[in-house]
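Take a look at the structure below.
Please read these numbers as outputs of a predicted model, since none were measured by experiment. Here is the naming used below: chain letters follow the sequence lines, and residue numbers restart at 1 for every chain.
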Amino acid sequence: MFQPVSPQLDLVALEETVLDRWRSDDVFARSLTLREGQPEWVFYEGPPTANGKPGVHHVWARLFKDIYPRFHTMRGKHVIRKGGWDCHGLPVEVQVEKELGFSGKPQIIEYGIAEFNARCRSSVQRHVEDWQALTSRIGMWLDTDGAYWTLSNEFVETVWWLFSEMWKNGDIYEGFKVVPYCGRCGTALSSHELAQPGAYQDVTEPSVYVRFPVIDRDFDLVVWTTTPWTLPANVAAAVGPEIEYVRVRDPLGGRDLVLGRDRAQAVLGDDIIIVGTINAADLGGLRYERPFDFVEIDATANIIIVADFVTVEDGSGIVHLAPAFGEIDREVCEPYGLPVLNPVDENAHFTDVLPTQYRGRFVKDTDADLISALEQSQRIVRVQQYTHSYPHCWRCDRPLIYWAKPTWFARTSEHRDDLLRENETINWFPGHIKHGRFGNWLEGNVDWALSRDRFWGSPIPIWRCNDCGHDECIASVAALSERAGRELTDLDLHRPYVDEIRIPCSQCSGTARRVEPVLDAWFDSGSMPAAQLHYPFENVEQFNSHFPADFICEAIDQTRGWFYSLLAVNTLVFGKTPYRNVVCLAHIVDQDGKKMSKTKGNIIDPWSILNTRGAEALRWYMFSSGSPWTPKRVFEDAIDETSNRFLRTLWNTYSFFVTYAALDGFTPSNHAEPSTHVLDQWIRSRTHRTLDTVTGALESFDALAGAQALDTLIDDLSNWYVRRSRPRFWKASDRAAHQTMHECLTLIATMLAPFCPFISDEIDKNLNNDGISVHLRDWPAVDQTAINDALESEMAIARQLTTLGRSARANAKIGVRQPLRKAIALLARDVVLRDEVQREIEIELNVKAIEAVENLDGLLSYRIVPNFKVLGPKLGKLLPEVKAALAEVDGADVRATHSQGKAFALRIGDQDFEFGPDDLEVRAEQHGELALVQDGGYAVALDLELNDELRAEGFARELVRHINDKRKHLDYAISDRITLRLEVGEAAVAPATLHLEYITTEVLATSAIVVPITNETIEGETSTMVAGHQIHAVIALA
RNA sequence: GGGGCUGUAGCUCAGUCGGUUAGAGCGCGUCCCUGAUAAGGACGAGGUCGAUGGUUCGAUUCCAUUCAGCCCCA
């Protein structure tokens, strides 16, 4: 017996009940043990950074990380879902710095690295709790108890091992490179950190055109820079080999100015006087006086170099080179043996090499002072505000500088071909990422800057000898213990504790200590396939059977983040991709398509939706509304709309079923023969076809297609099957109907389970009360014998015909309670509707008969249109002519010819054509009269002529409705029996009496009489008009 | 400057391996139903599928250019 169900759907309450049940029955764990020994379907959790509360965009990714594992579990796979938390890195440090009110590394060191890192650790733990709560509430099944934490010693030890493997292969080196550098955070940023949203911002700042007086010549170069602060580090100027340079009179009477011809007017104005031209080659090798003499430099520097990269797109066509502050500068200067002048410290402040007014200041803040110094020395040609996109620190938002600093690298660029090869084997969803955003990124791969001069991270496991400088890479705690000569099993593998471990140098008598930096946190997350299992120190078998992943899923910003670090670490170490399928979601935006941000105040807190609408509403919205590859607008009205439409319709339908199944005492049978009723056959066909579609969709990571198929099915079920079948439930107690609907609802709940795990579990539990959660069921097999193409297409036609019929009734202003003698339906050629289908149309349209005809000559005309798909390839260029000729043909002739099984012959121009039935389409056209409506090949005409019999029947139906309405007002129960006395006007006595038996049955009367109406009224009741007759229905409980 | 995505009804979005009649929901208008009822449903209006050019018998769909928005890179 089914539990009664409220027609009102309270998702939040329902979800809490289901969550409790999952908890007490341990359903998630059981869904795993159930599949033990079955094939693995491997999922990797991309660890969220635990440095803040999760937002609605995180929910999106988490839901997609949930649906496919749920689906594959039901498909019989063993899908372990180990959670993970990304614990290290600058975001966490910045968070803690904020809490402590710090603004840089010196304060941290003063505070103590041990204490600082302890705070980082507890900050992570705090936020992980938020994440766990949300993960559970949205119905995401993830093993958070067994989650990997990148801060754990085991995890770090594997990271060391992976790093050491690269080291062994020669893929790790320490280089000197110009990197985007944040002085505040005291660290370089990797290129994928630069890829974080908000890193590039448009800024307007002064750019300067500076005079570089050429030595032993009588002219000055005009050199352009957008970073005046780099001028003290200038060592060279570059000119382009193909660029023509001109010599221009200085309007202020100084020495002549030299710059690119194409830029002369833009820089100096239209009135310039050009007094000569100079080749780049003639400039090359000349020396000049540099703008500032603060930094010592040998006499061979400050030369003009000819270099290809110089352009005349902007600037002056002459480029200032400061190798310490530009990667191109460094590359160009290196072959000339030019020095790297670096008067900037690790805080991005000028060092003491500069005069007092500059030293100790953030370099970018000295631009104005440097410019005025140049003005005083009459070196400025022009200052111009310049707007360009400039990189900022993605966490502290301060402008970065390009700065030469020692950095550890992984030689990813040497493995570019491997990375590209492996990428070819990955299925990207959407597909364009593969060769687009991600493929392009791999093509342009540069070595991965791995080191961070910070505190809270996996320490780089390299020990360097103080004396000889020899580096040794440590691959494990055991190795470190052995080299240090003491047991270090309990050592916290973080700074400052690892820093204190010294080992003897293997090459000399010196002592080695760990190099200072920690690893990029992306290296941690990229290490997770092995590190989550502490491979190779443990779980070797398990790792082997869980690599690579079948499925990972993150938002698109991870192309250069986790998607890359995973591929890079694992390709370099294991030689192959760690994932086969990757679902790549777009971003969440607000109602207006704007990015959500705290400053705009348009953030949606997931909890506010979960607490008011429920997780299921959010889930269904995320899956069913719009493609996951396009930015998704999230706002409450949209969620309500979607969930009302689908979830509430489903619930209503379910509640309807349970209500009548309970009334009828229906219990489902496992051995019931499929019903032969046409509606039952039809909805079974629809359901199994949908199952087929949903299965295929989820197999190919297309949740949207699956959701749409389910959406259509629910509409079919509610608006056609239930609508048409209602009397079979409440009047006929039709077992076959109950059985069919039970089967369909069960199938729907089952295939909905991965999408909406709460409501589906609840429905399934009530429908099949066998103590087994829907999530422990096998994904159902499609019953191919249930799928009936012919029936589905007939029913589709039937529904189209009823639409036309309703439209015709509406046009004629005839209500549907009034029966009509017949409807004439024009069907497309070859369409035959079986009697039962026809009968459904008759009842729905309330007509006594449907007359299917092949022509409605006289009522409408036909237009003959080529079947373009067939005739196009056959006729080619002749088609437009044929189309025109066919438009002139009498459609009735064509129909007649074809119905005789002959081809329709036509002479067009001087050519003879024959058109078979497949070559042409016959379209009904024009309204012949009021009650006829046509659409394409179909038309319905209603016979509007009424006789007394039809009128009487219509009247009876009106009476039934009136009486039932009254029952409801009196709050009678559906099954209450009544006595009925009908007082009706003189003219209505006969019609009412004629159908009294029908009326009696319909209103559940035990007795009924018809009497002429009197003027008396019964207390509280008055007579009313029904179908033009005055009536007074007196009812009472029997 | 380069790469990628998006542009379809007032709004949110599907769809079209090229076929001449482009769909849904919401909203709007007009109604219906009253045994799913503090529910449900129908019908209707509304679109030159961002623009231009090309390929084709035929383009919203393919190609090129272009405009706008978003994302990424430099």
Expressed in angstrom and rounded to an integer, what is the separation of [X] atom [atom1] from [N] atom [atom2]?
X	N	atom1	atom2	result
A:F438	B:C5	CZ	C1'	17 Å
A:R645	B:G40	CZ	P	12 Å
A:E958	B:C32	CD	P	11 Å
A:M622	B:U12	CE	C1'	15 Å
A:F646	B:A24	CZ	P	19 Å
A:Y621	B:C26	OH	P	15 Å
A:E443	B:G4	CD	P	13 Å
A:H587	B:C72	NE2	C1'	9 Å

Point to revise | Carboxylate-amine/guanidinium contact A:E844 A:R799, below 4.0 Å | key: no
Categorize [X] for me: base, sugar-phosphate, or nothing, with a 4.0 angstrom heavy-atom threshold over every strand shown.
X	value
A:K883	base
A:P873	base
A:G626	sugar-phosphate

Among [options], the nucleotide that comes nearest once only the side chain of [X] is considered:
X	options	value
A:R560	B:C72, B:G3, B:C5	B:C72
A:L704	B:C33, B:A42, B:A14	B:A14
A:R437	B:A14, B:G4, B:C57	B:G4

Can you check the distance between [N] and [M], where both ends of the measurement are the [atom1] atom (answer in whole Å)?
N	M	atom1	result
B:C13	B:U52	C1'	27 Å
B:U6	B:C63	P	12 Å
B:C5	B:A64	P	11 Å
B:G1	B:U12	P	30 Å
B:C71	B:G54	C1'	30 Å
B:G40	B:A59	P	44 Å
B:G3	B:G46	C1'	38 Å
B:G69	B:A74	P	23 Å

Test item: [X] and [Y] side chains (from C-beta on) under 4.5 Å apart, heavy atoms:
X	Y	result
A:W428	A:H435	no
A:Y654	A:L767	yes
A:Y564	A:L442	yes
A:V319	A:V332	no
A:F563	A:I433	no
A:Y402	A:Y181	no

Review point. In residues 628-641 of chain A, which ones come under 4.0 Å of RNA chain B, going by heavy atoms?
Key: A:T630, A:R633, A:E641
Exercise for review: Find which nucleotide of RNA chain B each of A:R806 and A:G593 is nearest to by heavy atoms, and output the residue with the more 5' nucleotide.
Suggested key: A:R806
**Study point:** Upstream residue (5' side of RNA chain B) when A:N867 and A:L879 are each assigned their closest nucleotide
**Key:** A:N867
Point to revise | Ring-ring centroid check A:F729 A:F656, cutoff 6.0 Å | key: yes
Exercise for review: Verify whether the ring centers belonging to A:W224 and A:Y386 lie closer than 6.0 Å.
Suggested key: yes
Review point. Taking A:R416 for the side chain and A:E443 for the main chain, is one N or O donor matched with an acceptor at less than 3.5 Å?
Key: yes
Review point. Quick check: does any side chain N or O of A:K632 sit under 3.5 Å from a backbone N or O of A:H57, one acting as donor and the other as acceptor?
Key: no
Check your understanding: Would the number of heavy atoms belonging to other residues, nucleotides or ligands and lying under 6.0 Å from CD1 of A:I328 be above 12?
Key -> no
Revision key, fill the gap. In terms of heavy-atom contacts, A:A1033 and A:H962 come closest through CB-CD2, 4.2 Å
Study note, to complete from the structure: Closest non-hydrogen atoms of A:N445 and A:S413, given as atom of the first, atom of the second and distance, are OD1-N, 3.1 Å
I'd like a list of close polar pairs between nucleotides 16-18 of chain B and the protein, N/O only, cut-off under 3.5 Å.
none

Revision key, fill the gap. Those residues at least two apart in sequence (or on a different chain) that pass side chain to side chain donor-acceptor pair (under 3.5 Å) with A:Y721 are A:D680
Point to revise | Presence of donor-acceptor pair under 3.5 Å, side chain of A:K877 and base of B:U56 | key: no
Review point. Tell me, what's RNA chain B's dot-bracket, Watson-Crick or G-U with both distances under 3.5 Å, | for other-strand, [ ] crossing?
Key: (((((((..((((.....[...)))).(((((.......))))).....(((((..]....)))))))))))).
Distance-only donor-acceptor hits, side chain of residues 865-888 of chain A, under 3.5 Å, sequence neighbours excluded:
from, atom 1, to, atom 2, distance (Å)
A:N867, OD1, A:K869, N, 3.4
A:N867, ND2, A:D918, O, 3.0
A:K874, NZ, A:D919, OD1, 3.0

Review point. Between B:G4 and A:K434, is there an OP1 or OP2 to side-chain N/O distance shorter than 4.0 Å?
Key: no
Review point. Is the shortest side-chain N/O distance from A:T802 to OP1 or OP2 of B:A42 below 4.0 Å?
Key: no
Set out, line by line, the N/O atom pairs under 3.5 Å between protein and nucleotides 34-36 of chain B.
from, atom 1, to, atom 2, distance (Å)
B:U34, OP2, A:R817, NE, 2.8
B:U34, OP2, A:R817, NH2, 2.4
B:G35, O2', A:W730, NE1, 2.4
B:G35, O6, A:E1002, O, 3.4
B:G35, N2, A:W730, O, 2.9
B:A36, OP1, A:R726, NH1, 3.3
B:A36, N7, A:R726, NH1, 3.4
B:A36, N6, A:S718, O, 2.6
B:A36, N6, A:S718, OG, 3.1
B:A36, N1, A:S718, OG, 3.0

